[in-house]
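Just below is one structure, and these are the notes that go with it.
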Amino acid sequence: MIASEKSISAPPRGASQRLVVAAPVLLISAGLAVRLIGAYSRFLNADEAMHYLLALQPTVADAYRASQGTAHPPLLIIFLHYWGMISHSEFFLRMPSVIAGTAAGWFLYAWLRDVSDRATGLAAMSLVLFSPALIYTSAEVRQYAPLLCLMAATLYLLDRALMAGSPGLMLASALSLYLALLTHYAAMIFAVSVAIYGLLRIADMRPKASFLTAWAGTQTGAVAIAAVLWKTHISVIRHLSLTQDVAGSYLKSSLFHRQENVFAFLAKANLRLFHFLFSQGVVSVIGMLLFVVGIVLLLRARASGDRGRRPSARQVGILLLLPFVINCGAALMGAYPYGGTRHDSYLAIFAMPAIAYAVTRWRPSQSWARPLAIAIALAICNFTVVPAGSYIRPENQKKELMDQAVAYLRGSAAPGSIVLSDYESGLLLSYYVCERDITHSGELSEYFYISRCGNYQSASLLPRLWVFRADTFPMQVQDLAKNEPPRGRETWLFQAGFIVDREPEFQELLKKYGCPAPRRFGANIVVCRIEIGS
């Protein structure tokens, strides 16, 4: 990237050389291992169960139609429709995300090795592979790990294409971009950033007409995909009550409101973002400061001698900064959240390289000091996790806890009992007990979907109502008793998900319904028998 930096990536000698050569493989292996452990040891969260249930349709056309009720493009649901035919165990459903999250680290390393130097690539790969938030999202049946992988692959293939003048590699890069656009809407911010970066790179080159035609064609394709998604999906879900409820609940702090101060909002949003990525207060502040330092160093760096072949440091700096600027603007307009939630996890692909660039400009007297400092920072993050956003602590998401809860329900609830759940809990009940989706179909009452659940009758709160709350639960139970009178049948409450341990008032209310001491399985699963006819 800069001529004076060649010494940084010069191959070391002897044992040090062997260690540097082996480092990418060792890091990838370790990153894969921690993701495999997480994918195997935890029960599905409600969002994961929802994605699987939406894909559990008779035909792929039905799966596509089901995906249109979500806030995401259809690719993952369609993929899960076929993937789930092979096996629907938690571990198997999560394997694509595990592989994608690990591969994202390698693609990022390979890209930075080409456009900068090996040391920056290794540092950035370490941060991506061992960020607590990215480990967690890479072991979920969600869009975020595939999105990271596809974006990193796009960058790697794009610069390979630009350096080689290869239309074929340009088309391969475009394919990765198209798949990213069909995976998550954050890819639209990425697509704009990459298009501007591509223009800057091409302005420094004298490419052949065939190469220019290939690049222009790929950009046209990206615009066409975005236009189709807007017409068929985005313009529809913008007006759904569920989308508006989400924007007004846990995403409220990530969207700008007119009564707020713009600068105060941006300051808090950036702090929350880096706290999300590092899950530890002090390290997240250091990471944010290093990001700023890295961007400043890149933008102020002098152009290298191979201008036009490799990108200049300034061009890379612009690329790494652009998504943050665009996402901030989108949040100020209320179009896309910016802050400490998984929706902005894609920014790790741009934050970690800038941090790595700043770290690798530090030249301590001992060569081992820099990797040791990175290792200590990541260890602090992973062993003193203070998470941001929706999160279930690993000790409360052990698969054994869900197995015990399901066994207790089946062993205690008589056949024909009513099993009552809110929407989040109903998703998990569908997967672990009913083996069918009880949350989006059935006999409709004012507050519930009523349907069969194996040997039981399920009553699942409507999706727009989301979770049980102390102030609305009495009228909901009254409605259920009126429409599904107990008639001697038992009624059991099954509650599990992100929200359970945040509702002490609701747990106190259960005493009035004959459940003074509910059975708890960790902090996020509650099962108890209640009296709804009293």
Side-chain angles (χ1 to χ4, degrees), residues 35 47 51 70-73 75-76 96-97 100-109 111-112 124-125 127-129 131-158 173 176-197 222 225-226 229 234 251 254-255 269-270 272-279 284 287-288 291 295 319-331 335-356 388-390:
R35 284 161 172 78
D47 290 331
H51 283 79
T70 72
H72 303 291
L75 183 59
L76 178 65
S97 287
T102 309
W106 185 88
F107 279 120
L108 189 65
Y109 161 74
W111 174 59
L112 290 169
M125 179 166 66
L127 295 172
V128 165
L129 288 177
S131 157
L134 300 185
I135 291 173
Y136 189 78
T137 56
S138 295
E140 287 186 311
V141 188
R142 302 297 301 274
Q143 291 87 354
Y144 303 104
L147 175 65
L148 288 176
C149 180
L150 291 166
M151 289 197 310
T154 299
L155 292 175
Y156 169 67
L157 292 168
L158 174 63
S173 175
S176 293
L177 176 60
Y178 298 164
L179 292 174
L181 287 168
L182 293 170
T183 299
H184 197 279
Y185 288 124
M188 291 188 177
I189 297 174
F190 172 71
V192 173
S193 304
V194 168
I196 295 172
Y197 174 69
I225 290 174
L229 289 172
I234 299 174
L251 289 183
S254 296
L255 295 169
N270 280 291
R272 287 196 297 264
L273 171 64
F274 282 89
H275 183 89
F276 170 79
L277 293 177
F278 290 101
S279 303
S284 65
M288 185 175 68
F291 170 78
I295 293 295
L319 170 64
L320 299 182
L321 182 61
L322 267 174
F324 288 85
V325 174
I326 297 171
N327 203 153
C328 283
Y336 192 83
Y338 184 70
T341 68
R342 60 187 179 271
H343 305 83
D344 299 312
S345 59
Y346 80 99
L347 289 170
I349 290 296
F350 306 96
M352 301 314 191
I355 295 171
S390 299

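- Using a 4.5 Å heavy-atom cutoff, the side chains of Tyr336 and Asp344 are in contact.
- Proximity of Asn270 to Tyr338: side-chain heavy atoms (C-beta onward) are separated by under 4.5 Å at one or more points.
- Here the CZ atom belonging to Phe350 is positioned 10.5 Å from the CD1 atom belonging to Ile295, to the nearest 0.5 angstrom.
- In terms of heavy-atom proximity, Pro353 sits nearest to Leu108 at CG-CD1, 3.9 Å.
- Contact record, Ala145 with Ser97: CB-O, 3.4 Å, taken as the closest heavy-atom pair.
- Nearest heavy-atom pair, Met352 versus Leu127, reported as atom, atom and distance to 0.1 Å: SD-CB, 3.7 Å.
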Step-by-step side-chain contact (heavy atoms from CB on, under 4.5 Å) determination, Thr137 to Arg142: CA-CA 7 Å; Thr137 56; Arg142 302 297 301 274; over 6 Å; no

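- A donor-acceptor pair under 3.5 Å is formed between the side chain of Ser131 and the backbone N or O of Leu277.
- For the residue pair Ser345 and Phe276, the shortest heavy atom distance occurs at CB-CE2, 3.8 Å.
- A donor-acceptor pair under 3.5 Å links the side-chain atoms of Ser173 to the main chain of Thr154, judged by distance alone.
- Closest heavy-atom contact between Ala152 and Phe107: CB-CB, 3.6 Å.
- Residues His51 and Glu140 bring no donor and acceptor atom of their side chains to less than 3.5 Å of each other.
- Rounding to the nearest 0.5 angstrom, the gap separating the OG1 atom in Thr102 from the CD1 atom in Ile135 is 9.5 Å.
- Remark: the Thr341 side chain and the His343 side chain contain an N/O donor-acceptor pair separated by less than 3.5 Å.
- Separation of atoms CE (Met188) and CG (Leu177) is listed at 10.5 Å; rounding is to 0.5 Å.
- For the pair Arg35 (side chain) and Leu129 (backbone), a donor-acceptor distance under 3.5 Å is present.
- Within the 4.5 Å cutoff, side-chain heavy atoms of Tyr197 are placed close to those of Leu158.
- Between the CG atom of Leu229 and the NE2 atom of His72 there is a distance of 13.0 Å, given to the nearest 0.5 Å.
- In terms of heavy-atom proximity, Phe278 sits nearest to Gly287 at CE1-CA, 4.2 Å.
- Counting only heavy atoms from C-beta outward, the side chains of Tyr109 and Val128 never approach each other to under 4.5 Å.
- The CZ atom of Arg342 sits 8.5 Å away from the NE2 atom of His184 when rounded to the nearest 0.5 Å.
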Would you be so kind as to tabulate the donor-acceptor pairs closer than 3.5 Å made by side chains of residues 320-330, with sequence neighbours excluded?
from: Asn327; atom 1: OD1; to: Tyr346; atom 2: OH; distance (Å): 2.7
from: Asn327; atom 1: ND2; to: Pro337; atom 2: O; distance (Å): 3.1

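- Note: Thr70 OG1 to Leu76 CG = 9.0 Å, rounded to the nearest 0.5 Å.
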